Structures are given as structure tokens and as C-alpha cells.
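Let me begin by presenting the structure, written as C-alpha cells, before commenting on it.
Bear in mind that the values here come from a model prediction, so they are computed numbers and not experimental data.
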Amino acid sequence: MIFADLLGKMEWSYFWHGWVQFGGQAGLVLGLLTVVALLTYFKKWQWLWREWLTTQDAKRIGVMYIVVSVVMLLRGFGDAIMMKLQQALASGNSDGFLDAEHFQQIFTAHGTIMIFFVAMGLMFGIINLVLPLMLGARDVAFPTLNSVSFYLYFAGVVLVNLSLVFGEFGAVGWLAYPPLSELAYSPGPGVDYWLWSIQIAGVGSLLSGINFIVTILKLRAKGMSLMKMPIFAWSVLGAMMLVVVVFPILTATLFMLSLDRAMGMHYFTADLGGNAMMYINLIWAWGHPEVYILVLPAFGMYSEIVATLSRKRLFGYTSMVWALMCITVLSFLVWAHHFFTMGAGGNVNAFFGIMTMVIAIPTGVKVFNWLFTMYKGRIEFMTPMWWFMAFVTTFLIGGATGVLLAVPAIDFQVHNSLFLVAHFHNTIISGVVFGYLAGIAYWFPKIFGFRLHERLGKTAVTCWVVGFLVTFIPIYILGFMGATRRLDHYDPSMGWQSLFIVSGIGTLIIGLGVVLQVAQLVYSIWKRRELRDKTGDPWGGRTLEWSVPSPAPHYNFARLPVVTARDAFWEAKQTKRSLYSGPYTAFELPRNTGMGVWIGAFACLFGFAVIWHLWWLAVLVLLGIVVTLIRRTFEEDTEYHVTAAEAKRLDVAATKGQV
């Protein structure tokens, strides 16, 4: 009896759910064992711990974010393929290869993974790579906090994947509306895995938001006023302001749902004063700003890429800044357009419909600014510019359908249909994913010292765009025909199967694009000597990150730059003025620490303990977190000193071979 109490809700039956799930379990476990075996065989554990896991270098933390995000992208894309295959097969007498419960779990996992653990991870990864360099800073404001933020994100990733091995995932949709997510209708651990993976990763996102805001406000190079900052820095500032304001809403909302499930509370139940609509209002008060949290940094990346590869100053810098800040504010005033059918009344629907149309205006301003930047420019159609062209052509479709959905009368007709699914993917894939892939291609040589292969990159872009259109145009049509979300079986008399098959073919074309990107990376590593960036400035850059050697040194700048104009590096090249005048001076850099690793591990264990009601373990883990934090406060040797002579030596060594 005592032993059973110690195990909480854990049961051996949660290891087996069928052969399809077993394939996922086996693939995950074998993949992990392969990585462990390779690290052991090549004796790389100490190197991994010393050079990567305990690093406080923002660039290396950014690389780890991106690596984990790409792995999760492959997991989420696998979920998408399974859903598409099920929908193509499950018509009439054919039940497909997934049962309804498993299909809903995959549906939930796909949305959760792609938003929280792919898009957010890519965003924070690229910001870590670029922002300090772009501002003329040696690191972020709080390097240790940056490490903790990554490991909290990684703890959420571990919990999401652990649900595949032991337990289940929620079958409630990626935002888990009550009452379906309440204990009465979802008694298993699936919703709890969803809750705590997001909750823990969300805390990491909030800490990152604070860190990057302080970095932007306090660590800019001398002479870099706010209106001399690159547009990417402005886009990050807007996004991180949203993170700091809305992620506490998400935390409070999920905590209340957790109390409903674990302690019998009634915040969102239908009895004892609870209200499910309160949850939906709260989750979308976070959810719609979240869309702009993801897309604003992508807009900043497009701005840097277009200006650099057009060989022109960005058109309308001031209007672009105002557009970004207007979107930041207006994003708080549109959340109710996600549930026009709730019965709030004509006045409420009219207000949120108008606000949704208004927020399209600053987005349009940015598009025209980019086009005017390109006008009469000497455009180089390299891979990052191909991603931008893919974005601007496909995003217009998403924007137009968004304006349609902003009309309550139209929304009533297509609400909860696949038309909405197509619109959402239209904006997120073209606006966010294309932007982050463009950013990775653009800044890759600065971080790794060699460029990615152009032909493979452009072929991958082509596959993404063609596959995107083939996938989602049929989905728009199916939405108009009445096909709803979360559909795992349908009657053949509806005439939907052929469109689902075409859509599935489009997903495979996107998959070919993903394969080509993997091939591009492998081939580029193989040919890295031929693709080496020998100048530190492969694109003819305009901002400070291109003024340092490639790959960027771990300390970023041996001497901090002095800025006198917007597009500081471009202006310095044109006037033949050095950004780095004056003598070398001593500076300090943070020492490696395992604190982030331990906090992440404890957070993961805490989430697992709460999911399975292992309260004794939860208490021990909380004590472990407290002890770790207290121990860190007693560490005095947290930085190492770089003398002026050493700074000069490092600078000479880093620039050797750069021409």
C-alpha cells in the first residue's frame, strides 16, 4: 500500500497503446540511445559538457536552441504526415490507420510542438545568435539567466517527448479548451503533460523576454540611440515586451486549470461558479499576442535581409519602427475575433472585427517599405532573398483571408472549419517559418564561418513554396465545403477525399524541401573550406555583426564599437572610418556554469512528479531548486578577466586570414 502511494497515478499500462504508438516510442528511445552511444564511442562527454552544456556564450546557447527546435520540427512534421495520411485514407468503410483518440492526440501534439517548441525555439535561438552582436555588446545582460531559460525550454521539450514513451498526450486541441480538458472528460495524464511542458517552457520564455529587453535598453554600443538601432533590434524589443506582458497570463491560466485537475478547484468547470468561457478569453488574451511575438522578429529579419541584399538603405525606417510598435499595442485588442460565435453580441464583435482590420494597416506598411527598398536596388537573389520572396507572395494570401475572417458574418460561416486551419498555417508558415529559415541562411556564415550551399538552398525554398500551395489551397476549398477541424473520418458522398489526397501530396513536397535542407547542411559542412567566409562580410552587410570575423569570436568584440549613424558598419565602409578606435582595454566574461543544467533537470522532474501525483518527489525537487539557487549566490568566481594585451592577441588571432 505504501509502495502504491509512492507511485502516485503511475501504471504499467501507460507503456503500451498500440503498434503505431510503439513505433514512435521505439524511434525515440533508439535515437536517444544512438546519440549516447556515439558520444561514448568518440569520448565526447567532457567536451560536450565543457564546450556546450555549461556555456554562457549567447551564440552557443542560440545554436542549442536551434538544434533542439529543428529536431522538434522533424517530430512535428512527422505528426503532420500522419494526420494527412489518415485524412486521405479514412473515407467511408476505410477507418485509416489511426483510431479517433490517437488522431486527436497527434493533432494536439502537432500544434503544441510547432508553436511552443519549434517557432519559439527558433526565435530565441536566432535572437541569441544575433542581438548582442548587432547591438555592439559582448553578451546578453544576464548570461546565467539565459542558460537557465534555455534549459527550462529544454525541460518542456523532454516532457512532451516523454509523454510518447510513458503515458499519453492530451486529445484536447493545442489550446485545451475546457470542459474537454477538465478531469471529468480527460482523466488521464495527457492534459497534464500538455500543461506542465508548456508551463515550464513558458517560465523560460518570460525570463528570456526580461533578459533581451534589458540587453537592448542597457547594452547598446556607444552612440547607438534607439533610433539608430537596426530594425531587427526594434522587432525583438516589441516581441519581448509582449512576452513580458502576456506570458504571465498564460502561466496564471494554466495554473488555474492545473488546480481544477489536481485539487478539485472549479475555475473553469460548469458548476460552483466556474466558467469555461473565462478560460477561452484568458488563453486568447495570451494567444493572439503570441502570434505577433513569433512574427515580429521575422519581420525584423526580413528588413535586414532586404536592405542588405538590395544594396540600399531600408526605406521608411521611422515608419517601420512605428508600424512595429503599433502592432505591439494593437495585438492586445484583437483576441475575441477567435470566438465571434460565442454570443458576446454585435457591439463586441464589431469592435474586435474593426481592430483586426486596423492591425492589418501597419503590416501593410512594412510590406510596402520592403518593396520600396527593393525598387531600383541592385538586388542579389541569394537564398535569404528567395525566402523573402516566398514570404511576400504567400503571406498576402494569409493576410487577405485574415481580413475575411475579421468580418463576423463571414467568420460565422467558416468558424471551426478547415478554412481557418489554412489561414493560420498561411500566416505562421510564411510569416514565421520562412522568416526564421531566411534568418538562419543569412547569419549562418557569421556563426559557423562558412556559407550554406546556394543551389540546394534555393531548391529547398522552391519545394517549400510549391508544397505549401499544394497543401493549403485544397484546405481552403475544403473549409468552404464544410470540412471541420480535427476530422479523422468522413463520408465519401461529401466529395472531400480527392482534395485531402492532393493536400497530402503537398505535405510530401514540403517534406522533400526539408530533406534538401538537411542535404544542404551536410554538403555545406563537407565543402566548408570552399564555402568559407574569408571576409567576415559575405553579403555586404550594414550592421555591426558583419564587422567582426567569421565565425564570430566568443567575446564578440575585442574593442567595443562606436556608432555615429544608422547602418553603422555600412556607413563606416563608405567613409573608410574605423568603428574600433582607441586602445584595447580589459574586460570580463562569464565563466561556464552547470546551474542551468541543474535547474532544467529539476524543473523537468518537478513537472513529471506533478503529472503523476508523486508529491514526495515534487517536494524534493523544489528543495533541490532552492539549494541550487542558494549555492549559486555563494559562488564568487563567476567571471574571468581578459587583460588588454590578451584582448589584442585574441583580436589579431581572430582576424588572421580575413581579408
Side-chain angles (χ1 to χ4, degrees), residues 24 69 71-87 98 100-123 153 156-157 159-161 163-164 168-178 180-181 186 190-202 205 246-247 250 253-254 257 279-280 282-284 286-295 335 338-339 398 405 415-433 436 468 471-472 475 479 483-488 503 507 510:
S69 299
V71 172
M72 294 303 286
L73 173 63
L74 298 176
R75 160 81 197 273
F77 188 74
D79 290 338
I81 290 176
M82 286 195 287
M83 287 190 292
K84 290 295 183 184
L85 183 59
Q86 172 68 17
Q87 290 175 324
L98 298 174
E101 177 72 13
H102 190 200
F103 181 89
Q104 299 305 323
Q105 289 187 31
I106 292 172
F107 175 90
T108 305
H110 172 74
T112 303
I113 287 170
M114 289 301 196
I115 294 297
F116 291 99
F117 301 112
V118 175
M120 292 291 286
L122 288 175
M123 178 187 74
Y153 159 81
V157 168
L159 284 176
V160 163
N161 287 286
S163 70
L164 183 64
E168 61 187 16
F169 204 65
V172 291
W174 75 281
L175 287 181
Y177 284 3
L180 186 57
S181 56
S186 298
V191 175
D192 298 305
Y193 268 115
W194 178 88
L195 279 167
W196 287 101
S197 62
I198 294 174
Q199 193 78 299
I200 291 169
S205 298
V246 303
F247 264 82
L250 177 68
T253 305
L254 298 188
L257 181 59
Y279 176 92
I280 296 172
L282 288 171
I283 203 71
W284 280 116
W286 160 84
H288 203 85
E290 166 68 7
V291 173
Y292 294 103
I293 288 169
L294 296 176
V295 82
W335 82 86
H338 290 277
F339 41 94
L405 290 167
H415 185 76
N416 205 40
S417 74
L418 289 181
F419 184 90
L420 180 63
V421 172
H423 159 72
F424 182 76
H425 285 78
N426 209 156
T427 55
I428 294 298
I429 292 178
S430 61
V432 176
V433 177
Y436 293 166
F468 175 84
T471 297
F472 291 105
I475 299 298
T484 60
R485 296 187 294 170
R486 313 183 191 185
L487 191 70
D488 65 280
S503 180
T507 305
I510 295 175

Gap separating the [atom1] atom of [X] from the [atom2] atom of [Y], nearest 0.5 angstrom:
X	Y	atom1	atom2	answer
Ile113	Met72	CD1	CE	4.0 Å
Ser205	Met123	OG	CE	6.5 Å
Ser69	Leu74	OG	CG	11.0 Å
Ile428	Asn426	CD1	CG	10.5 Å
Gln105	Leu164	CD	CG	9.5 Å
Tyr177	Leu257	OH	CG	13.5 Å

Residues two or more places apart in sequence or in another chain: which of them pass ring-ring contact (aromatic ring centres under 6.0 Å, His included) with [X]?
X	value
Phe107	none
Tyr153	Tyr65
His110	none
His102	none

Do you know the tightest heavy-atom contact between [X] and [Y]?
X	Y	answer
Val118	Leu73	CG2-N, 3.4 Å
Leu418	Arg485	CD2-CA, 4.1 Å
Thr471	Ile475	O-CG1, 3.2 Å
Phe117	Ala201	CE2-CB, 3.7 Å
Ala119	Tyr436	O-CE1, 3.4 Å
Phe77	Met114	N-CE, 3.4 Å

Side-chain contact test, heavy atoms from C-beta onward, threshold under 4.5 Å: evaluate it for [X] versus [Y] and give yes or no.
X	Y	answer
His288	Val246	no
Glu101	Gln104	no
Leu254	Trp196	no
Leu282	Tyr279	no
Thr427	Val295	no
Leu250	Glu290	no
Val172	Trp194	no
Phe116	Val160	no

Task: All salt bridge (charged side-chain N to carboxylate O under 4.0 Å, His left out) counterparts of Asp79, not counting sequence neighbours - done: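 Scan of Asp79 (salt bridge (charged side-chain N to carboxylate O under 4.0 Å, His left out), adjacent residues dropped) gives Arg75.
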
- [ ] Apply side-chain contact (heavy atoms from CB on, under 4.5 Å) to the pair Leu122 and Val432, showing each step before the final yes or no.
- [x] CA-CA 10 Å; Leu122 288 175; Val432 176; over 6 Å; no

Open item on the list: Has Ser197 got a side-chain atom pairing as donor or acceptor with Gly156's backbone, closer than 3.5 angstrom?
Closed with: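 Not at all, since once roles are kept as given, no pair shorter than 3.5 Å links the two residues.
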
Task: Check: His423 ring centre within less than 6.0 Å of Phe419 ring centre - done: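 Ring centres of Phe419 and His423 not closer than 6.0 Å.
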
TODO: Decide side chain to side chain donor-acceptor pair (under 3.5 Å) for Thr253 and Trp286; before the verdict, give the C-alpha distance in whole Å, the side-chain angles of both, and the deciding distance to 0.1 Å.
DONE: CA-CA 9 Å; Thr253 305; Trp286 160 84; over 6 Å; no

Open item on the list: The criterion is side chain to side chain donor-acceptor pair (under 3.5 Å); which residues satisfy it with Trp335, sequence neighbours excluded?
Closed with: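 Result, side chain to side chain donor-acceptor pair (under 3.5 Å) vs Trp335: Asn281.
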
